[in-house]
Protein chains: 2
Amino acid sequence: MTAERNGRPDVPQRILDQATRLFARHGFVGASLRDIARAVGIRKPSLLYHFASKDELRRSVLEQMLTHWNEAVPRILRAATSGPEQFDAIGAETLRFFNDDPDRAPLLLRELLDRPEEIAPLVALRVQPWAKIVCDYIRKGQEQGRVHPDVDPEAYVAQVINLVLCGFATHASLRNVLTAPTSDGEATDRLLREMLRVAKASLFLPVPAEPPTRRPAASARA
Amino acid sequence: MTAERNGRPDVPQRILDQATRLFARHGFVGASLRDIARAVGIRKPSLLYHFASKDELRRSVLEQMLTHWNEAVPRILRAATSGPEQFDAIGAETLRFFNDDPDRAPLLLRELLDRPEEIAPLVALRVQPWAKIVCDYIRKGQEQGRVHPDVDPEAYVAQVINLVLCGFATHASLRNVLTAPTSDGEATDRLLREMLRVAKASLFLPVPAEPPTRRPAASARA
DNA sequence: CCCCGTGTCTACCGAGTGGTAGGGAACTCC
DNA sequence: GGAGTTCCCTACCACTCGGTAGACACGGGG
């Protein structure tokens with residue numbers, strides 16, 4: 001019994017996947033090893049055979065996510081040197097990381113809430129290279145007069161992290177609070193678009209000569 | 001024994017205060033009734049004498065916070081009709097609500113993560129009036145050409161909620177991730193300032209450039 | 001004086017938790 | 001065929017959880 005699943009991907013990976021999902025949904029204390037094991041299709045002692053303790057499982061889940069992040073960073077780096085649309089490229093690549101797996105943002109956010117002193121340095125290590133790219137980009141932009149001179153780069157980056165983390169984490173729940181119910185895809189599009197827009201508009205000075213867009217009347221968005 | 005504390009404010013209120021603190025810090029499942037009772041200085045059955053169950057305690061905590069919010073809304077409403085600096089006034093009053101008690105943002109955020117389907121309508125009820133004020137203000141600003149025409153009011157409001165909630169909730173932990181350690185007060189100032197700046201800069205069109213057709217003398221930006 | 005309501009306590013309950021012991025099936029290697 | 005390894009299982013452990021039972025102390029009113 002339970003052998004009908006053994007043809008599937010290896011058990012430790014399936015455990016990691018389900019643990020990620022359940023930790024993100026119910027929190028670390030709220031997701032029991034029995035729940036996770038059941039979701040995988042095994043019993044709890046089998047789970048503990050692969051991961052010595054619940055805490056080791058938590059660390060592994062986090063490590064896997066940060067590894068995925070590390071894999072995404074080169075793409076973002078590449079985007080950061082990609083010509084004039086740098087900001088959009090960096091933004092799109094960063095958002096893609098969280099959009100690819102909707103459990104990442106809530107998982108990270110929960111860790112920041114539950115274990116700040118433990119997770120903060122871990123995140124710092126992985127995020128600082130990314131933050132450095134963005135901060136340098138901002139400072140250069142300020143020198144060149146493209147970026148608002150009163151932007152505080154580090155504080156701005158912190159804001160954007162908040163925006164993204166919380167945006168994805170509470171997306172499903174806040175979505176229908178303010179607006180009429182919409183389809184998943186449409187709501188996500190709207191979220192991503194506005195997230196990028198806010199981040200961008202709060203950063204850049206307006207391009208001096210801009211003949212098109214200046215629409216005073218009520219004709220709203222397209 | 002334990003009577004040395006009975007001169008202090010009434011026990012139910014002290015329970016609510018400690019429960020708020022511990023729910024915000026450790027989450028609903030992570031904070032046990034024993035912990036809360038100990039923080040108050042009583043034993044668990046005494047706590048359950050005042051609140052019939054843990055879930056009732058949770059509801060009461062939430063209710064108290066939303067009551068405080070309801071008390072803050074009139075101030076915000078007043079701010080919304082307060083002349084040219086409307087945006088700053090609304091922003092300052094809104095931020096004050098969360099700054100007054102640092103447990104409010106994490107508490108709300110945790111509820112949104114843990115019990116979205118239950119908390120969302122509750123929040124919606126209390127937040128929609130506030131959101132309506134802001135959305136109307138935005139749309140009016142768009143008609144008058146003060147606000148970016150491509151702002152999606154509801155989505156923008158959702159972003160700002162995220163910004164504020166997550167900003168306060170992860171403030172303590174993210175603070176030292178990106179920047180050199182600073183004093184509490186300074187870091188908070190920086191957070192509040194940048195939060196307001198981002199919200200504002202992503203909303204308003206720059207004032208100096210050129211008057212499209214008609215532009216009210218309201219100096220929205222500084 | 002006794003009674004009753006209020007509020008706190010100790011002692012306990014069943015259920016669920018993370019974790020362990022140890023057995024057994026399937027497989028490989030000698 | 002036997003030994004060893006890998007992996008999953010049932011059964012169990014101590015502990016904590018939310019919640020209950022019931023006793024006790026206090027204070028006011030007949």
Side-chain angles (χ1 to χ4, degrees), chain A residues 1-63 107 110-111 114-115 118-119, chain B residues 1-63 107 110-111 113-115 118:
Chain A
M1 47 198 80
T2 78
E4 71 277 355
R5 284 217 169 90
N6 279 347
R8 303 266 298 285
D10 63 323
V11 178
Q13 186 56 52
R14 273 159 55 206
I15 294 176
L16 279 179
D17 292 344
Q18 295 302 323
T20 302
R21 210 188 98 235
L22 292 174
F23 285 163
R25 287 229 215 308
H26 308 299
F28 181 68
V29 280
S32 74
L33 291 182
R34 281 169 179 82
D35 293 340
I36 299 169
R38 189 181 319 124
V40 174
I42 59 177
R43 305 283 164 270
K44 184 189 44 156
S46 308
L47 192 159
L48 285 166
Y49 171 82
H50 295 285
F51 297 89
S53 70
K54 195 184 185 183
D55 207 67
E56 190 194 303
L57 179 57
R58 199 197 88 234
R59 282 194 299 269
S60 302
V61 163
L62 237 55
E63 197 181 311
L107 191 71
R110 296 194 104 110
E111 285 294 314
D114 288 345
R115 256 169 302 275
E118 186 182 337
I119 186 74
Chain B
M1 49 199 78
T2 77
E4 70 277 354
R5 283 216 171 91
N6 278 347
R8 302 264 299 286
D10 64 323
V11 178
Q13 186 55 53
R14 274 159 56 207
I15 294 175
L16 279 178
D17 291 345
Q18 295 301 322
T20 302
R21 209 188 97 234
L22 291 174
F23 285 163
R25 290 230 214 306
H26 309 299
F28 181 67
V29 280
S32 73
L33 290 182
R34 281 170 178 83
D35 295 339
I36 299 169
R38 191 182 316 124
V40 174
I42 57 176
R43 306 282 162 274
K44 186 189 42 155
S46 307
L47 193 157
L48 284 166
Y49 172 79
H50 295 285
F51 297 89
S53 70
K54 193 183 186 185
D55 207 65
E56 191 196 304
L57 179 56
R58 199 198 87 235
R59 282 194 299 270
S60 300
V61 163
L62 236 57
E63 198 181 310
L107 189 72
R110 296 194 104 112
E111 284 295 312
L113 286 170
D114 288 344
R115 253 171 305 276
E118 185 182 339

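Residue numbering restarts at 1 for every chain, and letters A, B, ... go by the order of the sequence lines.
Rounded to whole angstrom, the span from the NE2 atom of A/His26 across to the C1' atom of C/dT17 amounts to 16 Å. Rounded to whole angstrom, the span from the CZ atom of B/Phe23 across to the C1' atom of D/dG18 amounts to 12 Å. When rounded to the nearest whole Å, the span between CD1 of B/Ile36 and C1' of D/dG19 equals 14 Å. When rounded to the nearest whole Å, the span between CG of A/Asp10 and C1' of D/dT6 equals 14 Å. Whole-Å rounding puts the B/Leu47 CG to D/dC17 C1' distance at 14 Å. In this structure, CD1 of A/Ile42 is placed 14 Å from C1' of D/dT6, rounded to the nearest angstrom. Atom CZ in A/Phe28 sits about 8 Å away from atom P in C/dG18, given to the nearest Å. The CG atom of B/Leu48 sits 13 Å away from the C1' atom of C/dC9 (whole-angstrom rounding).
Projected onto DNA chain D by closest heavy-atom contact, A/Tyr49 and A/Lys44 fall at different nucleotides, the more 5' of which corresponds to A/Tyr49. Mapped onto DNA chain C by nearest heavy atom, B/Ser46 and A/Asp35 fall at different nucleotides, with B/Ser46 at the one closer to the 5' end.
Here the side chain of A/Pro45 is nearest to one of C/dG7, D/dA21, C/dA21, namely C/dA21. Checking D/dC8, D/dG18, C/dT17 against every side-chain atom of A/Ser32, the shortest atom distance belongs to C/dT17. In the set C/dG18, D/dA11, D/dG18, C/dG18 carries the atom at the smallest distance from any side-chain atom of A/Leu33. Of the candidates D/dC9, D/dG19, C/dC9, the closest approach to any side-chain atom of B/Arg34 belongs to D/dG19.
For B/Ser53 and D/dG18, the shortest distance from a side-chain N or O to OP1 or OP2 is not below 4.0 Å. Regarding contacts with the backbone of C/dT8, a side-chain N or O of B/His50 is found under 4.0 angstrom from either OP1 or OP2.
Stacking of A/Arg115 on the aromatic ring of A/Phe28 is recorded, both the 6.0 Å distance cut-off and the 45° axial limit being met.
In terms of modelled atom types and a separation under 3.5 Å, the side chain of A/Lys44 and the main chain of A/Ser32 share no donor-acceptor contact.
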Self-check item: Verdict with supporting geometry, B/Ile36 and B/Phe23, side-chain contact (heavy atoms from CB on, under 4.5 Å)
Solution: CA-CA 9 Å; B/Ile36 299 169; B/Phe23 285 163; 3.8 Å; yes
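To the nearest 0.5 Å, atom OG1 of residue B/Thr20 and atom CZ of residue B/Arg58 are 12.5 Å apart.
Salt bridge B/Arg21/B/Asp17: absent, no basic N to carboxylate O contact under 4.0 Å.
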